[in-house]
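This structure is a prediction, so every number in the text was calculated from the model and none was measured. So you know, we letter chains A, B, ... as the sequences are listed, proteins then strands, and number each from 1.
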Protein chains: 2
Amino acid sequence: MTYRIVLADDHKIIRDGLKALLEKEREMEIVAEAENGRQALQLVRKHNPDIVIMDISMPDLNGIDATRQITSEQPSVKVIALSMHSQRQFVDGMLRAGVSAYLLKDTAFEELVKAVRIVLSGKKYLSPDVTDIVFQDYRQPPVFDAAEQTAELTQREREVLQLIAEGRATKEIASRLHISVKTVETHRKHIMEKLDLHTVAELTKYAIREGITSLE
Amino acid sequence: MTYRIVLADDHKIIRDGLKALLEKEREMEIVAEAENGRQALQLVRKHNPDIVIMDISMPDLNGIDATRQITSEQPSVKVIALSMHSQRQFVDGMLRAGVSAYLLKDTAFEELVKAVRIVLSGKKYLSPDVTDIVFQDYRQPPVFDAAEQTAELTQREREVLQLIAEGRATKEIASRLHISVKTVETHRKHIMEKLDLHTVAELTKYAIREGITSLE
DNA sequence: GCTCAAATCAGGGTTTTCCCGATTGTGCCG
DNA sequence: CGGCACAATCGGGAAAACCCTGATTTGAGC
């Protein structure tokens, strides 16, 4: 009895590597490889595999949207997310899309094998590194579905974040918003706590990703 | 006679995969694995390998700057760039840094093997997909603006900039580079003067645009 | 040998950030 | 209604970062 696996990642050399590793395991068989989400969808329909190993960032159709369609069409197919990103938005998106496991590319191959077996036994698996994020997520207000991911921050906090990410000094932000420097500091502190980011550099990157500021 | 290889990529599972593939080739031996550029540098000094397979986007010290130091310290060590990006800035940066080959992760593993052999015979190798970019690059005016702007910064300054843009505290940068806080401050000051930028947020955006750090 | 740039560091004053608070208003819920 | 959470505001004091003015060393280039 072998497990039939579809592999979806837009980089061929990475697929080659994973394939070489997986095929060392006797009971695992790669039945198809996809280089984007749309192709993954087609191949899953065609081969009806036990497992899909799915990258997130892929052209044409991304891993999250591909997963959503797969799990709704064929709930028996288990999807394992294999991603470079530990950001909440990705983890969150993938969990909502119905993955059975979420692994980071940082992890060792042995973890992937472990995840495959656990998932096939009907259970879920999370990379230790992403577990934190999930807990963090569910301890806080249930983050209304499609509502807003940035909604975690208050209006005022987003204003302050934008100004920070635009390179304004704290003092300048204060005078611009007609509040004291102390208040701006408090807002910044709250933002950092909520996002679990601790420097202006990280805040800036977050703001860019969220479209709160541009790369100018 | 075996070729001794150092593998540098920040994702363990990808290293695992490449290692599995490379070790199928009898004459190739992975002597060390690095998860960032700085570690790669150390391991190259220690093991003096024939080949380094180098990812570009890595934390702490990126692949371009790591390559620059390796090729200047030990010209006999051949570096093969293995990157997700076909953007000109990366190809360009790596070629200037002295790589012997540039491959995309899109390519098949066989190409990597081919590249290794070609490089060891003293020649250069480019992924077909990136060849275009190189031609494009040299057909156009020697790119005064873009190329020169990054060239304004010294090697050390770029290292410091990367760490700043990754959100490291000054103190942390100092200890990581084994220099004093004062020196880091001086570097930062020089960077800001040269680029006419005055906040960490602006430095971060600059570093992202220049590919010195990623949006992670 | 001279020069210049890169890399390193120090002293000392100024500014900002960080870590502990606290207060006020508002909306919500039992 | 009375609590309760939370947004928005602000302070004091310690720690860290920032700024300015130097200085030394090393190596490349002329």
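Axis orientation changes by 40° from one end of the helix from C:dG1-D:dC30 to C:dG30-D:dC1 to the other, with each end axis drawn from 5 pairs and the value rounded to 10°.
If you take NE2 of A:H187 and C1' of D:dC6, they are 12 Å apart, rounded to a whole angstrom. Computed from coordinates, the A:H178 NE2 to D:dC10 P distance equals 12 Å when rounded to whole Å. Taking atom NZ of A:K194 as the reference point, atom C1' of D:dA8 lies 11 Å away to the nearest angstrom.
Take A:R188 and apply the side chain to side chain contact (heavy atoms under 4.5 Å, CB included) test, not counting sequence neighbours, and it matches A:I164, A:T170, A:E185, A:M192, A:L203. Residues that satisfy the side-chain hydrogen bond (donor to acceptor under 3.5 Å, both in side chains) test with B:S127, not counting sequence neighbours, are absent from this structure. Listed by chain and residue number, A:E193 satisfy the side chain to side chain contact (heavy atoms under 4.5 Å, CB included) test with A:K189 (two or more places apart in sequence, or in another chain). For A:R168, the side-chain hydrogen bond (donor to acceptor under 3.5 Å, both in side chains) partners are A:E172, not counting sequence neighbours. B:T199 pairs by the side-chain hydrogen bond (donor to acceptor under 3.5 Å, both in side chains) definition with B:E202, not counting sequence neighbours.
Contacts of B:S180 with the nucleic acid, taken as non-hydrogen atoms under 4.0 Å apart, involve only primed sugar atoms and P, OP1 or OP2.
Think of the region where chain A sits on DNA chain C: with heavy atoms and a 4.0 Å cut, that region ends 5' and 3' at C:dT16 to C:dC18.
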Please list each protein N or O that sits under 3.5 Å from an N or O in nucleotides 17-23 of chain D, with the distance.
residue, atom, partner, partner atom, Å
D:dC18, OP2, B:T170, OG1, 3.3
D:dC18, OP2, B:R188, NE, 3.2
D:dC18, OP2, B:R188, NH1, 3.4
D:dC18, OP2, B:R188, NH2, 2.3
D:dC19, N4, B:K182, NZ, 3.2
D:dC19, N4, B:E185, OE1, 3.3

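Identified under the ring pair (Phe, Tyr, Trp, His ring centres under 6.0 Å) test for residues 176-203 of chain B, with sequence neighbours left out: none. A ring pair (Phe, Tyr, Trp, His ring centres under 6.0 Å) check over residues 61-96 of chain B, counting only residues at least two apart or in different chains, returns the pairs B:H85-B:F90. Counting only residues at least two apart or on different chains, no ring pair (Phe, Tyr, Trp, His ring centres under 6.0 Å) pair has a member in residues 39-63 of chain B.
Contact between the side-chain N/O atoms of A:H190 and the OP1/OP2 oxygens of D:dA7 is not found at any separation under 4.0 Å.
The existence of a salt bridge linking B:K194 and B:E157 is confirmed by a sub-4.0 Å separation between a basic side-chain nitrogen and an acidic carboxylate oxygen. Ion pairing between A:D65 and A:R68 holds under the 4.0 Å rule for side-chain N and carboxylate O. Looking at B:R117 and B:E25, a side-chain N of the basic residue comes within less than 4.0 Å of a carboxylate O on the acidic one, giving a salt bridge.
You'll find the side chain of B:V116 stays beyond 4.5 Å of the side chain of B:D50, heavy atoms only.
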- Summarise how protein sits on nucleotides 25-30 of chain D as a single string, 5' to 3': B when a protein heavy atom is under 4.0 Å from the base, S for sugar-phosphate-only contact, - for no contact. ------
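The backbone N or O of A:Y102 sits nowhere less than 3.5 Å from a side-chain atom of A:K124 that would complete a donor-acceptor pair.
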